[in-house]
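See structure below.
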Amino acid sequence: MKSAIIRLRFFLIPYALLFVIALTLKIIFTREEIYFFINGLHFPAGDVIFRYATEMGGATTAVSLVLILLFVKYRYSLLLASSYLLTSLINFPLKYMVGAPRPKLYFTDSPKTIYWVPDVEVLSNHFSFPSGHTVCAFTTAVVLTFISPRRWYGCIYFLLALMVAYSRIYLSQHFFEDVTAGSFEAVIVVTCWVTWFNSRAFFRHPGWDGALSRKNDD
């Protein structure tokens, strides 16, 4: 476990700091206050950027990455695919059990004016919590950090995953707590999973160690 934490340190440290900030904000402000604050931050470029950024947490991106990694090392592909499967098996039942309404449904009778990003289909159902796109994005980020030859790449993956999470609120698909929970679920589950996966005999292979040797840690 310690080895995995060290490998993931450039991702886990900024994530831990952000998570504490997120919890603090959630204690201080209500769901509505956070949502309408972010809803008031829209700008033309953001409407374009986040519309596409959110797709980094979509199924198409996930499948594409798994296929790409097949041409790098099949163990990487297997690790990423199994991580997606594991977090999905946890996240989808949670969505059904919680049954939380998405913003569009939640604010159906709200007297406040809500900005909807043009040309974006805003979902209206009871599957808001946790955010699936956020789970997928942070699952990807943890695995890519783990297999990358440079540990500091984790900072980049963290920022990209964070962009996906923010885009879900920006596009009014989720609430702040939905993406916070989704990120936490992915980080905890996948960190434990890669630790177990890496300890298996079939995975501890010279080809694997060659890409993740200690000389590449910095």
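The side-chain tip of Arg51 does not point at the ring of Tyr170 from less than 6.0 angstrom away and within 45° of straight on. Remark: Lys95 fails to qualify as a cation-pi partner of Phe129 under the 6.0 Å distance and 45° angle criteria applied to the six-membered ring.
Rounding to the nearest 0.5 Å gives a distance of 8.5 Å between CD1 of Ile114 and OG1 of Thr108. For the atom pair Arg9 CZ and Trp152 CH2, the distance stands at 13.5 Å (nearest 0.5 Å). Note that the CD atom of Glu32 and the CZ atom of Phe36 stand 7.5 Å from one another [nearest 0.5 Å]. With values rounded to the nearest 0.5 angstrom, Lys112 atom NZ is found 10.0 Å from Asn39 atom CG. How far CD1 of Ile169 is from OG1 of Thr180: 6.5 Å, rounded to the nearest 0.5 Å. Expressed to the nearest 0.5 Å, how far CG of Leu69 lies from OH of Tyr76 amounts to 9.0 Å.
Looking only at side-chain heavy atoms (C-beta outward), Val48 and Tyr52 come within less than 4.5 Å of each other. Put simply, the side chain of Thr140 reaches to within 4.5 Å of the side chain of Tyr84, judged on heavy atoms. Inter-residue side-chain proximity for Cys136 and Thr87 is flagged as unmet; no heavy-atom pair is nearer than 4.5 Å. Between Ile13 and Leu8 the shortest side-chain heavy-atom distance does not fall below 4.5 Å. When side chains are defined from C-beta on, Asn125 does not count as touching Lys104, because their heavy atoms never get closer than 4.5 Å. The shortest distance between side-chain heavy atoms of Arg31 and Lys26 falls below 4.5 Å. The side-chain heavy atoms of Asp47 and Leu171, taken from C-beta on, include no pair separated by under 4.5 Å. Counting only heavy atoms from C-beta outward, the side chains of Tyr157 and Ser148 approach each other to under 4.5 Å.
No more than 12 heavy-atom neighbours from other residues, nucleotides or ligands sit within 6.0 angstrom of CZ on Phe92. A 6.0 Å sphere centred on CZ of Phe43 holds more than 12 heavy atoms belonging to other residues, nucleotides or ligands.
For the residue pair Asn91 and Gly132, the shortest heavy atom distance occurs at ND2-CA, 3.6 Å. A pairwise comparison of heavy atoms in Gly182 and Val135 identifies O-CG2, 3.4 Å as the closest pair. Val164 and Ala53 get closest at one heavy-atom pair: CG2-O, 3.5 Å. When all heavy atoms of Arg168 and Thr54 are compared, the pair lying nearest together is NH1-OG1, 2.8 Å. The two atoms that bring His174 and Pro130 nearest to each other are CE1-O, 4.3 Å, heavy atoms only. In plain terms, the two heavy atoms of Thr134 and Ser183 that are nearest each other are CG2-N, 3.6 Å.
A perpendicular orientation is assigned to the rings of Tyr15 and Phe158, their planes being inclined by more than 60° (bins at 30° and 60°). Taking the six-membered ring for Trp and thresholds of 30 and 60 degrees, Phe138 and Phe11 have ring planes more than 60 degrees apart, a perpendicular arrangement. Taking the six-membered ring where the residue is Trp, Trp196 and Trp193 present parallel rings, their angle staying beneath 30° rather than reaching 60°. In this pair, Phe127 and Tyr96 present their aromatic rings tilted. The plane angle is within the 30 to 60° band.
Connection of Tyr166 to Phe19 is established within a shared hydrophobic cluster, with ILVMFWY side chains joined at heavy-atom distances below 4.5 Å, either directly or through further cluster members.
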Go through it in stages, so that I can follow the logic: the residues are His133 and Met56, the test is side-chain contact (heavy atoms from CB on, under 4.5 Å), and I'd like the CA-CA distance, side-chain angles, deciding distance and then a yes or no. CA-CA 8 Å; His133 277 68; Met56 290 190 293; over 6 Å; no
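With no hydrogens or angles considered, a side-chain donor-acceptor pair links Tyr35 and Ser172 at under 3.5 Å.
No close placement of the Tyr153 and Phe10 rings is indicated, their centers lying 6.0 Å or farther apart. Between Phe107 and Phe175, the distance from one ring center to the other falls under 6.0 angstrom.
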Mind listing the side-chain donor-acceptor pairs of residues 60-68 below 3.5 Å, one per line with the distance, residues two or more places apart or on another chain?
{"from": "Thr61", "atom 1": "OG1", "to": "Glu55", "atom 2": "O", "distance (Å)": "2.7"}
{"from": "Ser64", "atom 1": "OG", "to": "Thr60", "atom 2": "O", "distance (Å)": "2.7"}

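Checking side-chain atoms of Glu185 against main-chain N and O of Ile90 turns up no donor-acceptor pair under 3.5 Å.
Exactly one of Ile147, Val143, Leu70, Val142 qualifies for a side-chain contact (heavy atoms from CB on, under 4.5 Å) with Leu80. That residue is Val143.
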